[in-house]
Number of protein chains: 2
Amino acid sequence: MLLHKVTLAIVDDHPVVIEGLQNILKNHDRIEIVGSFINGKDFISFIENSKVDVVLLDISLPDINGIALCREIKKSSPKTSILALSNHDERSMIMKMIENGASGYLLKNTSVDELIRCIEEAVNGNITFSSAVKEIISNPGLGDFREAVRLTKREKEILSLVALGKTTQTIADELFLSKLTVETHRKHLLQKFKVKNVAELIKIASQDNLL
Amino acid sequence: MLLHKVTLAIVDDHPVVIEGLQNILKNHDRIEIVGSFINGKDFISFIENSKVDVVLLDISLPDINGIALCREIKKSSPKTSILALSNHDERSMIMKMIENGASGYLLKNTSVDELIRCIEEAVNGNITFSSAVKEIISNPGLGDFREAVRLTKREKEILSLVALGKTTQTIADELFLSKLTVETHRKHLLQKFKVKNVAELIKIASQDNLL
DNA sequence: TTTTTTATACCCATTTACAGGTATTTATGA
DNA sequence: TCATAAATACCTGTAAATGGGTATAAAAAA
């Protein structure tokens with residue numbers, strides 16, 4: 001048994017959510033809330049000088065991307081357990097957070113009981129998920145095993161020009177390339193995405209936020 | 001001055017948000033929270049038998065679309081003021097909610113003070129917005145005046161088949177149409193979206209959630 | 001009832017895209 | 001240093017898409 005209280009911080013840009021979390025946790029005698037932050041930068045400064053055992057981290061913050069913040073926190077304070085709080089229910093996002101040091105992942109519609117259970121697990125050093133998240137992990141959707149397509153810089157560049165409706169010739173002129181070179185890049189894009197024309201290409205790229 | 005308390009309900013599928021809102025509002029002596037709901041259906045049943053002056057409504061619920069729910073509520077209980085709570089910061093969404101009977105629109109990152117101010121305004125029958133929302137309304141982005149493209153049923157059907165990478169001929173075969181007919185529909189799609197090829201078409205359709 | 005929209009279909013000329021190759025130079029990693 | 005990946009470029013033939021028209025019947029709206 002630990003004698004000291006567990007120090008916990010909240011990082012979420014929604015004041016109402018902070019209010020809710022504080023209210024839920026304030027009656028737990030083993031937990032002490034040591035700070036609430038509405039952006040990542042402030043929390044990073046804070047953690048450099050303070051001990052935080054657990055942080056409840058909203059992964060969609062205005063100033064910094066959740067994955068990057070997760071890694072930053074682990075670099076500054078490796079012993080801090082990070083519990084990701086998020087609306088994103090894509091398997092890939094869950095996996096990325098875990099890969100980058102999170103100890104758990106909760107969807108925002110998690111019940112209060114489950115939330116507390118997960119925090120307690122995180123305090124004990126375990127990795128935890130809310131039940132909806134477990135469901136997602138164990139029942140991967142169809143698209144979930146299609147690994148992320150790795151595009152070169154040039155390919156990304158051409159992909160976005162294609163998405164703007166530019167033709168091969170126009171792109172070639174703009175980039176001072178041969179039309180044939182641009183055709184090759186397009187061909188590689190179609191191959192990498194395993195699609196057979198631009199319509200499908202742009203749809204998938206758009207769904208994967210590559211535009 | 002009213003003698004009775006203002007009755008207020010909360011509809012949000014995030015338990016933590018409900019907790020936060022309850023906690024923020026419980027000390028207001030003029031406000032009485034008469035119910036909290038995590039889906040639209042339950043609230044619709046509730047409001048048929050109860051008087052609710054103000055409802056804080058999350059517009060992204062699992063069971064029903066926010067706009068439809070807004071209209072439902074106004075139909076069942078026209079005197080209830082609806083304050084929309086949302087993460088969606090698109091001008092078009094804000095306008096749609098107001099058109100469908102909402103008395104205000106708050107982004108979820110609204111501060112507690114502002115939230116209370118808006119609830120009080122709504123109680124008094126005014127239409128209110130959080131400052132971030134006012135900003136959005138008064139500074140329309142570039143795309144905001146491009147009015148929503150109105151597609152016919154057939155056009156939508158063909159658009160989604162095109163997005164699946166099917167060729168004109170394939171689509172014609174599947175729908176038992178002449179290839180020339182499908183070509184005409186495609187042409188109309190390009191014209192309506194004011195674009196010159198499928199790449200641009202699919203990108204815009206995808207951004208507008210038409211796929 | 002008249003007008004407009006929707007869905008259908010056709011024609012022609014031209015441009016663009018796609019499939020399936022090969023090949024060279026330059027970076028980048030192991 | 002050796003192998004691999006990236007970026008470049010070329011060739012040929014075919015398939016598909018686009019632009020700019022016209023036209024008609026049916027359905028929906030005014």
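Residue numbers start from 1 in every chain, and the chains themselves are labelled A, B, ... in the order their sequence lines are given, proteins ahead of strands.
Interface residues of residues 174-182 of chain A facing DNA chain C, ordered by number: none; criterion, heavy-atom separation under 4.0 Å.
The ring-ring contact (aromatic ring centres under 6.0 Å, His included) test applied to A:Phe43 returns A:Phe37, not counting sequence neighbours. Under the rule for a side-chain hydrogen bond (donor to acceptor under 3.5 Å, both in side chains), the partners of A:Glu174 that lie at least two apart in sequence or sit in another chain are A:Lys166. Shown here are the side-chain contact (heavy atoms from CB on, under 4.5 Å) partners of A:Leu190, two or more places apart in sequence or in another chain: A:Val195, A:Leu201.
For the side chain to side chain contact (heavy atoms under 4.5 Å, CB included) with B:Leu85, the qualifying choice from B:Val55, B:Leu107, B:Thr110, B:Leu56 is B:Leu56, the only one to do so.
The end-to-end axis angle of the helix from C:dT1-D:dA30 to C:dA30-D:dT1, rounded to 10 degrees and based on five pairs per end, is 80°.
Side-chain contact between A:Glu200 and B:Leu164 is absent, with no heavy-atom pair separated by less than 4.5 Å. Side-chain contact check for B:Thr168 versus B:Arg186: some heavy-atom pair is nearer than 4.5 Å. In this structure the side chain of A:Glu157 reaches within 4.5 angstrom of the side chain of A:Leu175, judged on heavy atoms.
Note on A:Asp173 versus A:Lys179: no salt bridge recorded, every NZ/NE/NH1/NH2 to OD/OE distance being 4.0 Å or above.
Side-chain atoms of A:Val198 lie closest to C:dC18 of the nucleotides D:dG19, C:dC18, D:dC10. The side chain of B:Asn197 has D:dT18 as its nearest neighbour among D:dT8, D:dT18, D:dG19. Minimum atom distance to the side chain of A:Arg154 is reached by D:dA7, of the listed C:dA17, D:dA7, C:dT8. Among C:dG20, C:dA17, D:dA17, the nucleotide with an atom closest to any side-chain atom of A:Thr167 is C:dA17.
Put simply, NZ on A:Lys156 is 15 Å from C1' on D:dA5, counting in whole angstrom units. Separating the NE2 atom of A:His188 from the C1' atom of D:dT4 is a distance of 14 Å, rounded to the nearest angstrom. Atom NZ of A:Lys196 is separated from atom P of C:dG20 by 13 Å (rounded to the nearest Å). The distance between atom CD of A:Gln169 and atom C1' of D:dA17, rounded to the nearest whole Å, is 17 Å. Per the geometry, NZ belonging to A:Lys194 stands 18 Å off C1' belonging to C:dA19, to the nearest Å. One atom, CG of A:Leu189, and another, P of D:dT8, lie 13 Å apart when rounded to the nearest Å. Counting to the nearest Å, the C1' atom of C:dT5 and the CD atom of B:Gln191 are 14 Å from each other. Taking atom CG on A:Leu190 and atom P on C:dA17, their separation rounds to 11 Å, with Å as the unit.
Pairs engaging residues 158-190 of chain A under the ring pair (Phe, Tyr, Trp, His ring centres under 6.0 Å) rule: none recorded [sequence neighbours left out].
No donor-acceptor contact under 3.5 Å links the side chain of B:Lys187 to the base of D:dG19.
Residue B:His185 places none of its side-chain N or O atoms closer than 4.0 Å to OP1 or OP2 of C:dA7. The phosphate of C:dT6 (OP1 or OP2) has no side-chain N or O of B:Thr152 nearer than 4.0 angstrom.
A donor-acceptor pair is defined here as one N or O able to donate and one able to accept, closer than 3.5 Å; no such pair exists between the side chain of A:Ser81 and the backbone of A:Val123.
Comparing A:Glu183 and A:Lys192 along DNA chain D, the residue whose closest nucleotide (by nearest heavy atom) sits nearer the 5' end is A:Lys192.
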